[in-house]
J.: 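Before I ask anything, let me first share the structure, which is written out below as structure tokens.
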Amino acid sequence: MPVLVAFTLALVWGLLVVAAQLQCVDAARAGARAAARQDPPEEVVALAREAAPRGASVTVSREGDQVRVVVVARPAVLRGLPFEVREEAVAVAEDAGTADGASAGDEGVTVTEDAVVDEPGAGP
């Protein structure tokens with residue numbers, strides 16, 4: 001009987017981890033879509049946190065013409081264990097040629113601009 005209880009608990013914990021993983025995927029995708037539309041970083045974080053599990057951290061960054069949203073959360077039942085779920089989504093910004101370098105205004109938001117470097121031998 002104790003083995004059956006332990007197996008059942010492990011199965012429930014596994015399902016909770018999968019549910020948290022799916023929430024993180026949805027949150028990262030929603031945040032990346034909003035960031036690609038050039039929504040303000042505060043709104044991107046708020047939108048991603050709505051879809052993410054409770055207590056998740058959201059990071060928004062920009063590298064050239066790509067925006068990246070990373071969502072990291074700890075499943076609710078497993079808070080005592082050193083285990084976390086991490087998902088990220090990348091999208092091309094709609095203003096890919098005219099990046100304006102918006103600054104971060106919310107905690108946990110990082111917006112960076114990296115210079116685009118031409119690769120050697122990449123043509124004229």
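Heads up: numbering here begins at 1 and tracks the sequence.
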J.: Using the side-chain contact (heavy atoms from CB on, under 4.5 Å) criterion, which residues pair with Ala32? Sequence neighbours excluded.
T.: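 Listed in chain order: Val69, Ala89, Ala91.
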J.: To the nearest 0.5 Å, tell me how far Arg49 CZ sits from Arg54 CZ.
T.: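 So the CZ of Arg49 and the CZ of Arg54 are separated by 14.0 Å.
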J.: Residues sharing Leu4's hydrophobic cluster, by side-chain heavy-atom contacts under 4.5 Å among ILVMFWY, directly or via others?
T.: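 Other cluster members: Met1.
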J.: Can you list the other members of the hydrophobic cluster that holds Leu11, where links are side-chain heavy atoms under 4.5 angstrom apart?
T.: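 Cluster partners of Leu11: none, it stands alone.
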J.: Apart from Val18 itself, what residues make up its hydrophobic cluster when side-chain heavy atoms of I, L, V, M, F, W and Y under 4.5 Å apart count as a link, directly or indirectly?
T.: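 Via sub-4.5 Å side-chain contacts, Val18 links to Leu22.
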J.: Identify the heavy atoms of Cys24 and Val85 that sit nearest to each other, and give their distance.
T.: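 Looks like SG-CG1, 4.1 Å.
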J.: Under the rule for side-chain contact (heavy atoms from CB on, under 4.5 Å), what residues qualify as partners of Val72, not counting sequence neighbours?
T.: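 With neighbours one apart ignored, the set is Ser57, Val70, Glu84, Arg86.
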J.: To the nearest 0.5 Å, what is the distance between CD (Glu88) and OG1 (Thr59)?
T.: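 Interatomic distance, Glu88 CD to Thr59 OG1, rounded to 0.5 Å: 10.0 Å.
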J.: Which residues pass the side-chain hydrogen bond (donor to acceptor under 3.5 Å, both in side chains) test with Gln21, not counting sequence neighbours?
T.: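 Listed in chain order: Glu87.
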J.: Restricting to non-hydrogen atoms, name the atom on Ala36 and the atom on Val67 that form the minimum distance, rounded to 0.1 Å.
T.: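 Nearest heavy atoms, Ala36 then Val67: N-CG2, 3.8 Å.
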J.: Below 4.5 Å, heavy atoms only, C-beta onward: do Ser61 and Glu63 meet side chain to side chain?
T.: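 When only atoms from C-beta onward are counted, Glu63 and Ser61 do touch, with a gap below 4.5 Å.
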J.: Could you work out, with side-chain contact (heavy atoms from CB on, under 4.5 Å) as the rule, every residue matching Arg37, not counting sequence neighbours?
T.: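 Per chain and number, Arg37 pairs via side-chain contact (heavy atoms from CB on, under 4.5 Å) with Arg33, Ala34, Asp39, Glu94.
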J.: How does the hydrophobic cluster around Val5 look, that is, which other residues are in it when side-chain heavy atoms under 4.5 Å mark a link?
T.: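 Via sub-4.5 Å side-chain contacts, Val5 links to Leu9.
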